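Protein chains get the first letters and strands the later ones, always in sequence-line order, with residue 1 at the start of each. Because the structure is predicted, anything quoted here is derived from the model rather than measured. Computation of the quantities below employed the complete heavy-atom set of this structure, encompassing side-chain atoms and omitting hydrogens, waters and symmetry-equivalent molecules.
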Amino acid sequence: MLRRADAHGLPRGDATTTGRGTLAETVGAADRVVWDDTNRWYPALLAAGGRVERAYDLRLSRAILRRSALTAGTPFATRPPGEWDALGAAPAGPDPTLPARPDALFELGGATPRGQVAPSDLDPLPELADQLAALAGATGPDAPGRLRLLVAGESAGALVAAEMHHAGLPWRADVHDEILAGVLGPRPRPGERPARMEELARTIRAAIDAPPTLNPDSHPDLLKALQYAGVGTRSLRKGDLERLDHPVVEPLLEYKRLQRLLTANGWTWLDTWVRDGRFRTEYVVGGVVTGRWSSSGGGALQLPRQVRRAVVADPGWKLVVADAAQLEPRVLAGLASDERMADAGRGVDLYAGIVASGAVASREHAKVGMLGAMYGGTTGDSALVLPRLARAFPDAIALVERAARAGERGESVTTRLGRSSPGPGEAWHAAQTGAYAAEGADGAEGADASARARAQTRAWGRFTRNFVVQGTAAEWALCWLASIRRRLWELGTGDVAGAAAEPLARRAHLVFFLHDEVVVHAPESLVDDVAAVVAAAAEEAGRLLFGDFPVDFPLSVAVVDDYAQAK
DNA sequence: AAATTTCGCGCG
DNA sequence: AAAGCGCGCGAAATTT
């Protein structure tokens, strides 16, 4: 069931019951759609050549409003969990241009996974009314406005995610194969190691006098063999191995590097995830508690730099790659209204600005210091320069410290637009009270328990410390994405061949998003406009979050033929 | 045999 | 021993 709504999100006209077949006609004239789950409707609509201008995603918005501290006093937030809370995300797709995902558990219209409610059973109208009431009842500075912006951004993100899945990331399988063959040797037969890796395996065995049966992929066996050969290591981590002085280290690190490429982004990956020159992943909007996106399929948010050369624009097209420079510290400056940090960020390089302010001696110190402040680092250079940063930027540092203390007390924290962190959970509380009981007891066990509890306390403080920054940065990114999407559409079609029936075929469109970075696939004739669009959108995002507070969000923008050229 | 855990590494 | 935040994924080991 769908419902027409006006520009304020208020229902207009009668409810419409529709099947997917008639969806394109049904929403064709609507300026805004409210639906249970973007993933359930939008892929088919896109496949039918449709597009939605604006949407309200009830599932995603509900998740935010049920937990937000800003709506905590409303009946909506305090009601016990209901059917809408059990609503699982629909799978993205099916996309007619792509065969079913190899591991797809179910298809649209098929069985509903255990424990999840089929959305068709639920009436969106009362749910929408409830959510609008919760929004209206939000409390705090600018409360309704901020939360409305957040749910609008989250919903727009869902549109972007579905559209990116539909369009796919241009991917040249032949270039990818070239990269693999260059490093690993030609594609081996199934079950065999690539030539270069087999060679390295032999070198590794020779260096530690191991039998030819030693499989370097077996951690326990390899670790034992290393210890037997007198290589003093207790792990196989790259960082640990690098510190060792032994002839086996170099071939072993090289082997691991190749093994990683082969298993994560090798020929199997190519066969599985690239079809007809496109890589399609499923973006999971709000997949991270902080509001960041995650992805499912192909490890899309971990594409190694090594293979990005295979991301190539179509003939007559370019990739416009834009990333926000030092997004998180800038967001922190805005969150804390720290004018001195905002000043330091006036240029393209905030860390250089911090050095210029005299707070620290080097860019590296500025960087590890800020990262430590936002992550809760307590060791090394990061801890060393923190006091200097705290003196130079007291407001910013105080904000993350407050967030950490709140987490240590078991309280939740909230982003700029109103996304609140989850509580620490039962095990955490149990450890706290358990440790309290153990304090009185003598002996190593009591001390142990309370040490563990303290470590957990601090760990949750680091989580909430980071939550406010990472979560607000994710909100900035949502606003950025939504603005880019709207502005790209307004650019219209480029001077390029393409099917007229396909809305994106001749328009610049988003094809990739990675936390603080976007890739737009654009007809050559539009690249200057696209570069202007992403910059204007970044400015708009900053204004939406921080109003008149003068914090800048500069971008680095590259117009390239392949993704690897961007950095 | 299937499900779950461990380790490690890629990305921001 | 733990260790600065957030993730997804694959192979081998381990458990059921």
J.: Which part of the nucleic acid, if any, lies within contact of A:R257, taking any heavy atom under 4.0 Å across all strands shown: a base, the sugar-phosphate backbone alone, or nothing?
T.: nothing
J.: Between A:T378 and A:S294, which has a closest nucleotide on DNA chain C that is more 5'?
T.: A:T378
J.: Between C:dA13, B:dC9, C:dC5, spot the one nearest the side chain of A:R462, thanks.
T.: C:dC5
J.: Between B:dG8, C:dC5, B:dG12, which nucleotide has the shortest distance from any of its atoms to the side chain of A:H515?
T.: B:dG12
J.: Nearest to the side chain of A:Q259, which nucleotide is it out of C:dA11, C:dC5, C:dG4?
T.: C:dA11
J.: More than 12 heavy atoms of other residues, nucleotides or ligands under 6.0 Å from CD of A:E250: yes or no?
T.: no
J.: When the P atoms of B:dA3 and C:dG4 are compared, how many Å lie between them, rounded to an integer?
T.: 38 Å
J.: Given B:dC7, is OP1 or OP2 found less than 4.0 Å from the side-chain N or O atoms of A:S235?
T.: no
J.: Would you indicate which nucleotide in C:dA12, B:dG10, B:dG8 comes nearest to any side-chain atom of A:Q302?
T.: B:dG10
J.: Nearest to the side chain of A:V289, heavy atoms from C-beta on, is which of B:dG12, B:dC11, C:dG6?
T.: C:dG6
J.: Please determine, for B:dC11, whether a Watson-Crick or G-U wobble partner exists with both distances under 3.5 Å, and give it or none.
T.: C:dG6
J.: Measuring from the side chain of A:V288 (C-beta onward, heavy atoms only), which nucleotide among C:dG6, B:dG10, C:dC5 has the closest atom?
T.: C:dG6
J.: For A:K256, is the NZ atom crowded, meaning more than 12 foreign heavy atoms sit under 6.0 Å from it?
T.: yes
J.: Among the candidates B:dG12, B:dG10, B:dG8, find the nucleotide nearest to the side-chain atoms of A:P304.
T.: B:dG10
J.: Can you check whether A:L214's main-chain N or O pairs, donor with acceptor, with A:S218's side chain at less than 3.5 Å?
T.: no
J.: Looking at A:R292 and B:dG12, is any side-chain donor or acceptor paired with a base atom of the opposite kind under 3.5 Å?
T.: yes
J.: Looking across every strand, which nucleic acid part, if any, lies under 4.0 Å from A:G372 by heavy atom: base, sugar-phosphate, or nothing?
T.: base
J.: Go through C:dG10, B:dG10, C:dG4 for me and flag the one nearest to the A:T263 side chain.
T.: C:dG10
J.: Can you confirm if the NZ or CZ of A:R330 lies within 45° of the ring axis of A:F553 and under 6.0 Å from the centre of its six-membered ring?
T.: no
J.: Tell me whether the side-chain N or O atoms of A:Q470 pair up with the base of C:dG6 as donor and acceptor below 3.5 Å, since no angle test is needed here.
T.: no
J.: Counting only distance, no hydrogens or angles, is the base of B:dC9 paired donor-acceptor with the side chain of A:R260 under 3.5 Å?
T.: yes
J.: Answer with base, sugar-phosphate or nothing: what part of the nucleic acid does A:G298 contact at a heavy-atom distance below 4.0 Å?
T.: sugar-phosphate
J.: How would you label the contact of A:L303 with the nucleic acid (heavy atoms, under 4.0 Å): base, sugar-phosphate, or nothing?
T.: sugar-phosphate
